[in-house]
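Notes to accompany the following structure.
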Number of protein chains: 2
Amino acid sequence: MDLSERQLQILQAIITDYVENAEPVGSRSIAKKYDLGVSPATIRNEMSDLEDMGYLTHPHTSAGRVPSDKAYRLYVNELMKKKNLSAKDKRMINDRLSASRDEFDRTIRHAAELLSEITHLASFAMTPATNEETISFIRLLPVDERTLILMIVGESGNVTNTTLRLNVPYTQESLELLSKNMTVSYKGRTLDDVLKGEIIHDVGSDIEALSQLRGSVMPSFLRTLEDMLNVNLYMEGMTNIFNLPEYTSIDRARDFMELFARKDWFTQKMLARDDGVVVTIGEENDTMKDCTLITATYHVDGKLVGKIGVIGPTRMKYDEITSIMEYLTNNLSESFRLPGSTGDGNSGDKKQKK
Amino acid sequence: MDLSERQLQILQAIITDYVENAEPVGSRSIAKKYDLGVSPATIRNEMSDLEDMGYLTHPHTSAGRVPSDKAYRLYVNELMKKKNLSAKDKRMINDRLSASRDEFDRTIRHAAELLSEITHLASFAMTPATNEETISFIRLLPVDERTLILMIVGESGNVTNTTLRLNVPYTQESLELLSKNMTVSYKGRTLDDVLKGEIIHDVGSDIEALSQLRGSVMPSFLRTLEDMLNVNLYMEGMTNIFNLPEYTSIDRARDFMELFARKDWFTQKMLARDDGVVVTIGEENDTMKDCTLITATYHVDGKLVGKIGVIGPTRMKYDEITSIMEYLTNNLSESFRLPGSTGDGNSGDKKQKK
DNA sequence: GATTAGCACTCTCACTTGATGAGTGCTAAC
DNA sequence: GTTAGCACTCATCAAGTGAGAGTGCTAATC
């Protein structure tokens, strides 16, 4: 049972109005503001039908109507039109991103900042990495007689390091040997694979000092690998949500903030999402049932993907925000393209349900 | 004009009660709960005097009294006694810290976690570093033909790195040469010094490729140095404050959260504080005038200092919290001591005003 | 002179009441 | 199918009320 043209118009009007004012919208104000050529009474009848079909809800008898998740879904899939960014926003994005184009992390961080500034929502960005990231090399660097740095570098240029203090001094040679040794053992393997798989014991354990050093380093190696899964995640504008009427209750604000304290959990959640612009609304999320989450992917050399996203209440300007994110990710992919390559990296605008 | 013994008793009772219940305390409840041997009326008279002297305030005519910053200051300096930690807390601290004793960053992060769990306040911890940190070496590591990692290591084992993408390919040799080159130029110099000083141009610029590479790397080098000033700062339990009656107003909660979004500012603030256990109360802080901030320092090999701290409303359990922090920092300093060294690293308990 | 009992006074808080206004749902007329 | 009209519902606000907690003052007491 499809919606009639008029029903769609009314629904769109309600969504537009509610997104703007955050208050239940009544039949009379729709009739006044949006020129639909019918009286409030007619609109009331249609609204009642829309409610029966699950597109609207009713906080209480005599409040106006509020769009449901289902309504937003319909809006995102069918109704909304792409918005053009303002010249000011475009300029801002171009300027800020080009300022640090040669540094991955910084560019990504700037992207998150931009996103939260423009949308006035909470945003995040992560450097390109996946569960399938493979190890490129492992390096142990001396600091002082007992202190050393363990560094793991992924294929994508992701780096994680930790500073270790050993109980016994090490020698420069054993350090270099172990670096090479470990690189040989783990190069090309994915993080998941190494974490779940057997630890490789049998390499070069003929030398006493080496195997001792190895024993001290291994536990930290594994823990650091785990950290590496949690890539570089930048979060920005978390406090923006305090300005929204949805979060004037301290409890909801707390819940919101607590979600983001668990960075590792959050990262895994986001990594699991599909490519392209993905919108999940309210109940479609397993946690955060009153939030909408929009993620988009950018590409490096047309292959590796990183993600950016915004989080806010289901009441948000879907059209503007998805357009901004599309522009932003295209811009990012553009600047991370190898000169000469052409691939557009499958940046299709899917908007699909998760 | 000193306070009489009885006035001190009453003030202490008011503080104890207020810290516990977060509600203005009246003369009658003091007389009932604390056995001072005088009637409410006498207590009222004393309270009135204490208010004249600035130790108490009055939200409105017929509420009870609330301790002022000045009262807390007196309490911290003179009245409070050291608390013994519960066996449970001690065990928890020992267990959790020893689990990752060989890794700096992880241990520090665990310390922050512990602190916020035990105190139910917001906490932070930073790895040892100061504005006087000196550069130990600089390393450039290849990732792919245009991508490389720039890594700066400080004397204390602090590492900062960034992934760069160049416009033109580089050669392995030029990379190694530049690494050595830069290390020679900057080794032993402090971050501040390098950031403020002249950029050194004249080293090895006879080779064309090298000077080009250098030109691409330098801007990032300086930006990354700045990052390094902002050490590793771990924040934990920010959402704890939502449970406090002081922060049920969304505005105050927002202000609080926004303070910590500015990590670099916060780091600099904390680095500037004295060694030992330092308590600054309310107005004594230039920002956060309704917060109390307690920091403490731990030592590595008896020299380098790192900081941990808690932040909360001025109404907090000063005696417990300072005791916990003392125990925790002693424990940290202990595990970061070079085997054989003895220095206790000046871990005096100063409690001084900033 | 210090301490205390007594009492009037102040202020907050929770609760009630009534008026107002926005909005719906139904019915009957167009 | 559309619309006007009207009764009904519910949230919100302001004003009013009583209870409770606490102070500040005064006069009596130790």
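All values reported here derive from a predicted model rather than from experimental measurement. Here is how names work: the chains are called A, B, and so on, in the same order as the sequence lines, proteins then strands, and each is numbered from 1.
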Return the polar atom pairs (N/O with N/O) between nucleotides 13-18 of chain C and the protein under 3.5 Å, or none.
none

Close N or O pairs between protein and nucleotides 13-18 of chain D (under 3.5 Å):
none

Return the polar atom pairs (N/O with N/O) between nucleotides 7-9 of chain D and the protein under 3.5 Å, or none.
residue: dT9(D); atom: O3'; partner: T61(A); partner atom: OG1; Å: 3.3
residue: dT9(D); atom: O2; partner: S62(A); partner atom: OG; Å: 2.9

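Counting heavy atoms from C-beta outward, Y55(B) and Q7(B) have side chains that stay 4.5 Å or more apart. T119(A) is not listed as a side-chain neighbour of N240(A), based on a closest heavy-atom distance of 4.5 Å or more. Side-chain contact between I118(A) and L85(A) is absent, with no heavy atoms from C-beta onward closer than 4.5 Å. The shortest side-chain heavy-atom distance between L36(B) and R6(B) does not fall under the 4.5 Å cut-off. Inter-residue side-chain proximity for L233(A) and D264(A) is flagged as unmet; no heavy-atom pair is nearer than 4.5 Å. Using a 4.5 Å heavy-atom threshold, the side chains of Y247(A) and I250(B) count as separate.
Following rounding to the nearest Å, M47(A) (CE) and dA22(C) (P) show an atom-to-atom distance of 15 Å. The distance from atom NE2 of H58(A) to atom P of dT24(C) is 6 Å, rounded to the nearest whole Å. Atom-to-atom, CD1 of I30(B) to P of dG22(D) comes out at 10 Å; the value is rounded to the nearest Å. Whole-Å rounding puts the D49(B) CG to dC25(D) C1' distance at 14 Å. At whole-Å resolution of the value, OH in Y18(A) and C1' in dG23(C) are 16 Å apart. In this structure, L50(B) atom CG and dT23(D) atom P are separated by 12 Å, rounded to whole Å.
Test T57(A), T280(A), T314(A), L74(A) against D69(A) for side-chain contact (heavy atoms from CB on, under 4.5 Å) and you get one pass: T314(A). Each of D290(A), T292(A), L293(A) was compared with I281(A) under the side-chain contact (heavy atoms from CB on, under 4.5 Å) criterion, and only T292(A) meets it.
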Counting only pairs under 3.5 Å, give me each side-chain donor-acceptor contact of residues 13-22 of chain A, with atom names and distances, residues two or more places apart or in other chains.
residue: T16(A); atom: OG1; partner: Q12(A); partner atom: O; Å: 2.7
residue: D17(A); atom: OD1; partner: K33(A); partner atom: NZ; Å: 2.8
residue: D17(A); atom: OD1; partner: Y34(A); partner atom: OH; Å: 3.2
residue: D17(A); atom: OD2; partner: N21(A); partner atom: ND2; Å: 3.4
residue: N21(A); atom: ND2; partner: D17(A); partner atom: O; Å: 3.3

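Against DNA chain D, the stretch residues 21-28 of chain B makes heavy-atom approaches under 4.0 Å through G26(B), S27(B). Residues of residues 36-46 of chain B that place a heavy atom closer than 4.0 Å to DNA chain D, in numerical order, are R44(B).
For F124(A) and F260(A), the ring centers are positioned 6.0 Å apart or more.
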Audit row: I321(A), V279(A), side chain to side chain contact (heavy atoms under 4.5 Å, CB included) steps and yes/no:
CA-CA 10 Å; I321(A) 293 173; V279(A) 182; over 6 Å; no
With side chain to side chain contact (heavy atoms under 4.5 Å, CB included) as the criterion, how do I324(A) and V310(A) come out once you've worked through the C-alpha distance, each side chain's angles and the decisive distance to 0.1 Å?
CA-CA 11 Å; I324(A) 289 165; V310(A) 301; over 6 Å; no
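Not one side-chain nitrogen or oxygen of R65(A) sits closer than 4.0 Å to the OP1 or OP2 atom of dA22(C). At dT3(C), one or more side-chain N or O atoms of R6(B) fall inside 4.0 Å of OP1 or OP2 (strictly under the cut-off).
In this structure, the separation between CE on M53(B) and OG on S48(B) is 9.5 Å, given to the nearest 0.5 Å. Between atom CE of residue M270(B) and atom CD1 of residue I308(B) there is a gap of 13.0 Å, rounded to the nearest 0.5 Å.
Here R65(B) pairs with E51(B) in a salt bridge; the nearest charged N to carboxylate O distance falls below 4.0 Å.
Under a cut-off of 6.0 angstrom, the local environment of CZ in R254(B) is crowded, with over 12 non-hydrogen atoms contributed by other residues, nucleotides or ligands.
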